[in-house]
Amino acid sequence: MITCYVQYELNPSKISEFEDYARAWIPLVTKFGGTHHGYYLPHESPNDLAVCLFSFPSLADYEAYRIKSLTDSECQKAYKFAEDMDCIRRYDRHFLRPLETGD
């Protein structure tokens with residue numbers, strides 16, 4: 001399994017728009033065979049920081065999702081929404097592998 005950790009720098013005046021964007025992506029990751037672990041939004045932290053975590057069975061499965069997302073109408077709608085709302089300033093993606101009990 002591979003888990004993608006995405007750290008977002010948000011436009012602090014557009015947090016509610018980012019929440020709408022995030023809500024759209026959770027089922028989209030599931031649609032393409034991933035498991036979404038949620039978005040984590042600013043609370044007792046910098047007001048422009050959010051993160052999300054989602055997993056795929058393998059890096060190859062993640063790459064297949066990325067390719068499919070480029071032509072999927074729902075994914076394109078979510079991308080365009082974020083762009084139009086200007087709610088994301090930048091993001092960084094990291095790929096992690098879990099170490100679980102018994103590994």
Side-chain angles (χ1 to χ4, degrees):
M1 178 170 53
I2 193 79
T3 298
C4 185
Y5 167 91
V6 185
Q7 182 172 320
Y8 296 91
E9 180 184 320
L10 305 178
N11 178 339
S13 66
K14 303 279 184 140
I15 300 297
S16 65
E17 289 83 354
F18 179 79
E19 288 181 27
D20 291 338
Y21 167 81
R23 283 187 192 98
W25 271 106
I26 292 170
L28 291 173
V29 166
T30 303
K31 172 181 174 179
F32 290 104
T35 301
H36 210 294
H37 307 291
Y39 281 84
Y40 302 85
L41 304 169
H43 183 65
E44 297 279 335
S45 62
N47 69 346
D48 65 349
L49 171 69
V51 299
C52 83
L53 293 151
F54 57 92
S55 299
F56 279 88
S58 69
L59 188 56
D61 291 319
Y62 168 80
E63 290 298 335
Y65 146 76
R66 291 276 299 159
I67 291 166
K68 291 174 187 172
S69 74
L70 297 175
T71 58
D72 181 81
S73 62
E74 291 176 289
C75 294
Q76 292 307 304
K77 182 179 175 183
Y79 287 133
K80 184 165 178 13
F81 177 82
E83 186 176 291
D84 290 349
M85 294 296 108
D86 193 32
C87 56
I88 301 170
R89 291 185 173 156
R90 67 181 294 253
Y91 64 90
D92 296 305
R93 230 183 258 127
H94 305 273
F95 296 93
L96 309 166
R97 61 178 176 82
L99 178 66
E100 301 180 279
T101 304
D103 285 351

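Since we're looking at a predicted model, the values are computed, not measured. Worth knowing before you read on, the calculation uses all heavy atoms, side chains too, and leaves out hydrogens, waters and symmetry mates.
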[X] and [Y]: same hydrophobic cluster, using ILVMFWY side-chain contacts below 4.5 Å?
X	Y	answer
Leu96	Tyr62	no
Tyr91	Phe18	yes
Leu53	Ile26	no
Ile88	Phe81	yes

task = Measure centre to centre between the rings of Tyr40 and His43, then say whether the value is under 6.0 Å.
result = no
ask   = For the atom pair CZ (Arg97) and OG (Ser58), what is the distance rounded to the nearest 0.5 Å?
value = 15.0 Å
query = In Å and rounded to the nearest 0.5 Å, what is the SG to NE2 distance from Cys4 to His37?
reply = 10.0 Å
task = Please state whether the rings of Trp25 and Tyr65 are parallel, tilted or perpendicular, taking 30° and 60° as the class boundaries.
result = perpendicular
Donor-acceptor contact below 3.5 Å, side chain Glu9 vs main chain Ala50 = no
key: Residues, nucleotides or ligands: over 12 heavy atoms within 6.0 Å of Glu83 CD   = no
key: Phe95, CZ: over 12 other non-hydrogen atoms inside 6.0 angstrom   = yes
key: All salt bridge (charged side-chain N to carboxylate O under 4.0 Å, His left out) counterparts of Lys77, not counting sequence neighbours   = none
Over all heavy atoms of both residues, which pair between [X] and [Y] is shortest? Give the atoms and the distance, please.
X	Y	result
Phe32	Cys75	CE1-SG, 3.7 Å
Ala82	Tyr21	CB-CD1, 3.5 Å
His36	Val29	CD2-CG2, 3.6 Å
Gln76	Leu70	NE2-O, 3.0 Å
Gly34	Phe56	N-CE2, 3.3 Å
Lys14	Met85	NZ-O, 3.1 Å

task = Just do the side chain to side chain contact (heavy atoms under 4.5 Å, CB included) check on Tyr8 and Cys87 with the steps written out, would you?
result = CA-CA 10 Å; Tyr8 296 91; Cys87 56; over 6 Å; no
ask   = Who pairs with Ile15 by side-chain contact (heavy atoms from CB on, under 4.5 Å), at least two apart in sequence or on another chain?
value = Leu10, Glu19, Pro42
note = Given the options Val6, Thr3, Leu28, Phe54 meets side-chain contact (heavy atoms from CB on, under 4.5 Å) only with Val6
task = For residues Pro12 and Arg89, determine if any side-chain heavy atom of one lies less than 4.5 Å from a side-chain heavy atom of the other.
result = yes
remark   = So salt bridge (Lys or Arg N to Asp or Glu O under 4.0 Å) across residues 40-61, not counting sequence neighbours, yields none
inquiry  = Regarding Lys68 and Asp72, does a basic nitrogen lie under 4.0 Å from an acidic carboxylate oxygen?
reply    = no
